[in-house]
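All remarks here apply to the structure that follows.
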Amino acid sequence: MPELPEVETLCTDLIKANILNNQILDVSVDWEKTLNGMSLKEFRGKLIGSSFISLNRRGKYLVFKTDNNLYLLCHLRMSGSMRIKELNSQKDKHDRILFTFKHLILSFHDPRKFGRVTLTENSDVILNKLGVEPLTGALTKEYLMTRLQKTKRPIKSVLLDQSIIAGIGNIYADETLFAAKINPFRTAESLNEKEIEKLIYFIKEKLSDGIRMRGTSLGKGEGNFQSNGEFGHNQNNLLVFGKKGKPCVNCSHPIEKKIIGQRGTHYCPICQT
DNA sequence: AGTGGCCCCTGGCGGC
DNA sequence: TGCCGCCAGGGGCCAC
């Protein structure tokens with residue numbers, strides 16, 4: 001599941017792969033719903049002949065800007081990735097969009113078809129809905145205290161709410177709460193100032209660790225999100241996610257998995273209070 | 001306004 | 001072992 005560290009890794013790798021400032025020679029689409037409502041004809045018409053001039057990450061979005069003032073916002077959702085392929089290579093079964101350049105092919109690869117790309121001249125409509133970037137100075141104690149005080153939702157659900165903090169997904173949410181020793185069922189408003197400070201510290205640490213490890217690659221094919229087909233290494237550092245029944249590294253009590261807000265949630269009921 | 005629930009998909013895994 | 005059925009999971013949208 002690509003979250004902030006995985007999208008960040010992709011973003012830097014794609015820039016290194018030299019996809020910017022090269023003309024898009026062709027675009028093909030295998031699953032039209034991926035285009036989020038735009039027709040194939042319009043999508044191809046607007047992109048063929050143009051170039052991407054910048055690429056950034058915002059939350060879990062990859063944001064490509066084109067030389068004709070359009071933004072291509074890519075959200076990988078569950079199983080998406082972007083892969084660099086050699087010219088004349090065969091289309092893989094799950095390649096949903098192929099962008100052909102003179103020197104390579106960029107694929108939006110997505111087995112489960114949840115991923116979406118939005119081509120728009122106004123990226124703010126989507127990006128302004130997102131909350132703060134957690135690895136910037138915008139995530140402050142003051143900001144989070146204000147947001148948390150307003151809701152009785154479980155803190156786990158609030159961490160996943162992209163309109164509060166952008167980029168945290170299920171894996172990093174569980175790992176962060178374990179590191180901060182906060183029970184995921186606690187209501188957001190119940191956290192005190194010290195706990196919020198700790199939460200912010202570990203949000204930043206867990207996400208930074210994830211980036212340093214080039215992301216978390218779970219499973220076989222689907223966890224393989226990277227543009228070059230390699231795997232990240234952060235899965236080796238997980239302490240609770242996917243560890244149901246295994247002993248907690250602190251207290252040896254079995255890690256539990258329960259559902260919070262329709263999301264599987266892994267935690268230690270002893271250490272996280 | 002805030003919040004909970006449903007839905008999209010299909011690979012992979014659990015259960016028998 | 002092999003097969004079948006079911007579930008995970010982000011976020012948009014709808015209902016309350």
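So that the names make sense, note that chain A is the first sequence line, chain B the second, and so on, each numbered from 1. For clarity, every value in this text was computed on a predicted model and none was experimentally measured.
- Tested against A/His266 for a side-chain contact (heavy atoms from CB on, under 4.5 Å), the candidates A/Glu175, A/Lys243, A/Lys257 yield a single pass: A/Lys257.
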query = Which letters describe nucleotides 9-16 of chain C, given B = protein heavy atom under 4.0 Å from base, S = only from sugar-phosphate, - = neither?
reply = BBBS----

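- When the C1' atom of B/dC13 is taken as reference, atom NZ of A/Lys244 falls 13 Å away, rounded to whole Å.
- A/Arg77 and A/Asp110 are not joined by a salt bridge, as no carboxylate oxygen comes within less than 4.0 angstrom of a charged side-chain nitrogen.
- Ring pair A/Phe43/A/Phe99 is tilted by interplanar angle, where 30° to 60° counts as tilted.
- Rounded to 10°, the angle separating the first-five-pair axis and the last-five-pair axis of the helix from B/dG2-C/dC16 to B/dC16-C/dG2 equals 50°.
- A/Thr151 comes within contact range of the sugar-phosphate backbone alone, with a heavy-atom separation under 4.0 Å but no base atom that close.
- A/Asp161 and A/Arg147 are not joined by a salt bridge, as no carboxylate oxygen comes within less than 4.0 angstrom of a charged side-chain nitrogen.
- Evaluation of the side-chain contact (heavy atoms from CB on, under 4.5 Å) rule for A/Glu256 yields A/His253, A/Lys258, A/Tyr267, A/Pro269 as partners, not counting sequence neighbours.
- Rounded to whole angstrom, the span from the CZ atom of A/Arg153 across to the P atom of B/dG5 amounts to 12 Å.
- Nearest approach of A/Pro154 to A/Pro184, heavy atoms of both residues: CB-O, 3.6 Å.
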inquiry  = Is there a salt bridge (Lys or Arg N to Asp or Glu O under 4.0 Å) between A/Glu3 and A/Lys60? Walk through the geometry before answering.
reply    = CA-CA 6 Å; A/Glu3 307 180 25; A/Lys60 300 178 195 173; 5.7 Å; no

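- Taking atom CG of residue A/Asp110 and atom P of nucleotide B/dC9, one finds them 11 Å apart after rounding to whole Å.
- For the pair A/Gln149 CD and B/dG2 P, the interatomic distance rounds to 15 Å; values are reported in whole Å.
- Remark: A/Lys150 is not in phosphate contact with B/dA1, judged by side-chain N or O atoms under 4.0 Å from OP1 or OP2.
- Between A/Asp92 and the choices A/Arg83, A/Lys85, A/His109, the side chain to side chain donor-acceptor pair (under 3.5 Å) rule is met once, by A/Lys85.
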